[in-house]
Novice: 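Quick one: the structure is below, questions incoming.
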Amino acid sequence: MSTESAAAEVAEPEAPQAAAEPEAEAAPEADATPEEAAAPTEDAEADATGTDDGPESAADAEGKAEAGSELSEAEAELAAQRELRQRIEERKAAKEGPLEAGAKLQGTAADLLAAVRAVESGEKPVASAFREPQPVAPRRPAPEPVRRPAPEAPAAPAEPAGEAVAAVAAVLAEGGAPGALAPRAAAALGEGADERLREDPWQLLRLPGVRPEQADGFARALLGDACGPGDERRGRALTVWLLEQAALAGHTALDAAALTAALGQRAVPDPEEAAQGALAEGDVLVFQDALEDAPQEAPAPAPGDEGAESEAEAAAPVRVLFGLERYAMAEESLADGLARVINSLPKDDGSGPGAEAWESAAGAASGSAAELIRAVAAHGLVLHTGGEAARAEPAALVAAARSLGLRVCAAAHTADGQRRLAEQAGTGSDDGEGEGCAVTVAGLLSGQQGPGRDADGALAVDLLVVLDAPQLDVEAAAMLVESLPDGARLVLSGDPGVLWSAGPGRVFADVLAARACPQIASRTPDPGPVGELVSGIGVGELTEVAAPDKEVVIVPVRDAADAIRRTVQLVADSVPRAIGVPAEHTQVITPGHGGAAGTRALNAALKERLNPGPGRFGGFDPGDRVAHAPVPGRTALGRVVRADAEGLHLECDGAPVVVAKERVEQSVRHAWAVTAHQAAGRRWPAAVVVLPGDAAAALTRPWVYAAFSRAERHLSVVQGVAQALPQAVAERPAKERTTRLRTLLRPQLPETD
């Protein structure tokens, strides 16, 4: 790794200092401990959605239809989420309802049962009921599912009537809240929103971006002495709000102790009663999950000793969790779906490739790719781990499966990952019009890309390969698994060292930990000095690597102003001149949006140097690099093309996008500098990672690993954190997330070696 002297060669001459107004303190990425989740920072919320104003953009994205193909895809994905939740609810209701005797029988057994019932009811005589059936013509095979056209954007929810908005605005004004909240409050609270707010002012917390202290002030203005910190309405609303904030930080549930502690920090006098009140009203759910690896305090009961079994169950240590229904349903659906994938692998009946065909395909491959092909031949679910170079192995699997005549679809997290996958697998990239098998996860879920679906909504695939699996949150993963037909195989592939998803959950890590299916660990290392550096970080070591061609350069800085100045110099002058990578192919990555050298300050300085302009349309000019987040957790990177009365015209991942004027502030931001979550799934020829002194507390090993591994040819590290960087790599593994998926998987899936 080049030191400061080598850095000076790359970094000369110095650029003039960029004028940027320092922001507040830097903030970490979306992950946080359960206690930190009680009060996430603005930047943590932003990373969960991919925008500066993350919580507000979440509601707006669901509430309004936006022009352009990107938004059509986004809203189609939202519609798919709603459809999934409806199917889960129907299945849940079916499970709870009475089962009809014989309902699970098929084939001859079902025919015999029907005959017996016909005789018992007198509908048919015995002779005719049990007569051998006449031969019938063979059933025609079902037609292949046809590719669906790109779905039209679902109609936006009806805007609340003007009278309703005016009534809500009057209540807001009476409580001292801004009238601009009225349309969103009327839409979120529905019919009678004004009366609901008057009766329960803490309903204001249902609006994204509203803080508890603001809701408390609103309640005091409306209710006066009739309310206080112990008001049961306040306790229920705060319980739901805390769980929503925890979801922004990556948790799907919160431990009861963490939740009550957070309620206590919010001056709730009886936190346990508040949590129970929210539970009684159906606002939240409670779970009792058995603790893993808990010591056994009593001997196992003898078989058949029901009393002893009951006592053992009662003595088994459990953890009590509270969660929101949407994430509980998603995790339960995902666990059920993964069990179905494992158990529904079809027998070798000659209708598909047999063992010899699979073995021949594996023999044509080598190393970990051959192991992966053999594992997929024998199992419905397979996990694959490895770095960037290891992506060639699932690509080889895709090519082999296609050669065997299987219907294959491979999905990546971003359009950049889709392009690289298509190149490695030798297939086309599906842009919504072709029949290529390389797609994005969002495009597949929305119906914009990938194969068609049958009448039951199942994808027309025999094998689905998902790359960048650590970026799957629980809802996206549940939708993917729910979409697989019986008998289809699923491969989840990804680098376990990177950051987890921006949305709630840690799906890939939980399934890996469950050890319920084969796991193929790639033996293909990432090449070059950058690959060597990142491999060391993955095992907790920040080592110096040889970089004869300045592939890795460390640039020490004194303070945030110096960090901004050196970053602009590197991007605009030094890297293009010394490395040969132009500024448009160099990406700046920093831990947070705020802070003296966060994305806001860096973007202001980089815009002034690389694309100065007045920012006539919401602060943007043609040529600006931008990040567009049409829905929470989805960020597309692109450039501003132009602006007119229709809105801001962008080109994101090669596709045109039009963002309506009223949506620009919530969903578009500059993107010369991004966070590591926004950079996930993408690679650039050169990356400049900025670590100002105030970012030291935000650094973890996965963050450093993810940020450094975004560089293909050159990595510059502008760092003012001194020894905090190697300390974070050595001592700070991934921040824990509270999830239930591993617990849900344990009783459903068989253990494997």
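The chain is numbered in sequence order, starting from 1. Computation of the quantities below employed the complete heavy-atom set of this structure, encompassing side-chain atoms and omitting hydrogens, waters and symmetry-equivalent molecules. This is a predicted model, so every value here is computed, not measured.
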Novice: Flag the pair Glu551 and Arg713 as a salt bridge only when some basic side-chain nitrogen lies within less than 4.0 angstrom of an acidic carboxylate oxygen.
Specialist: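 Not counted as a salt bridge, because no side-chain N and carboxylate O are separated by less than 4.0 Å.
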Novice: Would you say Pro504 and His251 make side-chain contact, with heavy atoms under 4.5 Å?
Specialist: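 Pro504 does not reach His251 side chain to side chain.
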Novice: Sequence neighbours excluded, which residues qualify as ring pair (Phe, Tyr, Trp, His ring centres under 6.0 Å) partners of Tyr705?
Specialist: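 Ring pair (Phe, Tyr, Trp, His ring centres under 6.0 Å) check on Tyr705 returns nothing, list empty.
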Novice: Residues two or more places apart in sequence or in another chain: which of them pass side-chain contact (heavy atoms from CB on, under 4.5 Å) with Val466?
Specialist: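 For Val466 the side-chain contact (heavy atoms from CB on, under 4.5 Å) partners, ignoring immediate neighbours, are Val441, Leu464, Leu472, Leu480, Leu490, Leu492.
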Novice: Can you tell whether the side chains of Lys607 and Asp624 come within less than 4.0 Å, N to carboxylate O?
Specialist: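 Asp624 and Lys607: salt-bridged.
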Novice: Inspect the contact between Arg506 and Glu736 and indicate whether a charged nitrogen and a carboxylate oxygen are less than 4.0 angstrom apart.
Specialist: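 Salt bridge present between Glu736 and Arg506.
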Novice: Closer than 4.0 angstrom, basic N to acidic O: yes or no for Glu388 and Arg420?
Specialist: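 A salt bridge links Glu388 with Arg420.
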Novice: Looking only at heavy atoms, what is the nearest atom pair of Ser501 and Arg737, with distance?
Specialist: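 Closest heavy-atom pair between Ser501 and Arg737: O-NH2, 2.7 Å.
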Novice: Name all residues meeting the side-chain contact (heavy atoms from CB on, under 4.5 Å) criterion together with Pro212; count only those two or more places apart in sequence or in a different chain, and write none if there are none.
Specialist: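 Once residues adjacent in sequence are excluded, the partners of Pro212 under the side-chain contact (heavy atoms from CB on, under 4.5 Å) criterion are Leu205, Leu238, Trp241, Arg266.
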Novice: Among Val530, Ile589, Val534, find the residue that satisfies the side-chain contact (heavy atoms from CB on, under 4.5 Å) test when tested with Leu715.
Specialist: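 Passing option: Val530.
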Novice: For the residue pair Leu741 and Val474, establish whether any side-chain heavy-atom pair is separated by less than 4.5 Å.
Specialist: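 They are not in side-chain contact.
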Novice: Does the salt bridge (Lys or Arg N to Asp or Glu O under 4.0 Å) test come out yes or no for Arg391 and Asp468, once each step is laid out?
Specialist: CA-CA 9 Å; Arg391 294 168 72 95; Asp468 308 311; 2.8 Å; yes
Novice: Scan for salt bridge (Lys or Arg N to Asp or Glu O under 4.0 Å) pairs involving residues 527-538, sequence neighbours excluded, and state none if there are none.
Specialist: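 Every pair satisfying salt bridge (Lys or Arg N to Asp or Glu O under 4.0 Å) with a residue in residues 527-538: there are none.
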Novice: Holding to side-chain contact (heavy atoms from CB on, under 4.5 Å), I want the full list of residues that pass it with Ala728, two or more places apart in sequence or in another chain.
Specialist: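 Only Leu699, Arg732 meet the side-chain contact (heavy atoms from CB on, under 4.5 Å) criterion with Ala728.
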Novice: Between Trp672 and Asn611, is there a side-chain heavy-atom distance shorter than 4.5 Å?
Specialist: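 Yes, side chains in contact.
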Novice: Quick check: are there more than 12 heavy atoms from other residues, nucleotides or ligands sitting under 6.0 Å from CD of Glu213?
Specialist: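 Above 12, so yes.
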Novice: Run the side-chain contact (heavy atoms from CB on, under 4.5 Å) test against Val320 and tell me which residues pass, sequence neighbours left out.
Specialist: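 Result, side-chain contact (heavy atoms from CB on, under 4.5 Å) vs Val320: Ala256, Val286, Gln288, Phe322.
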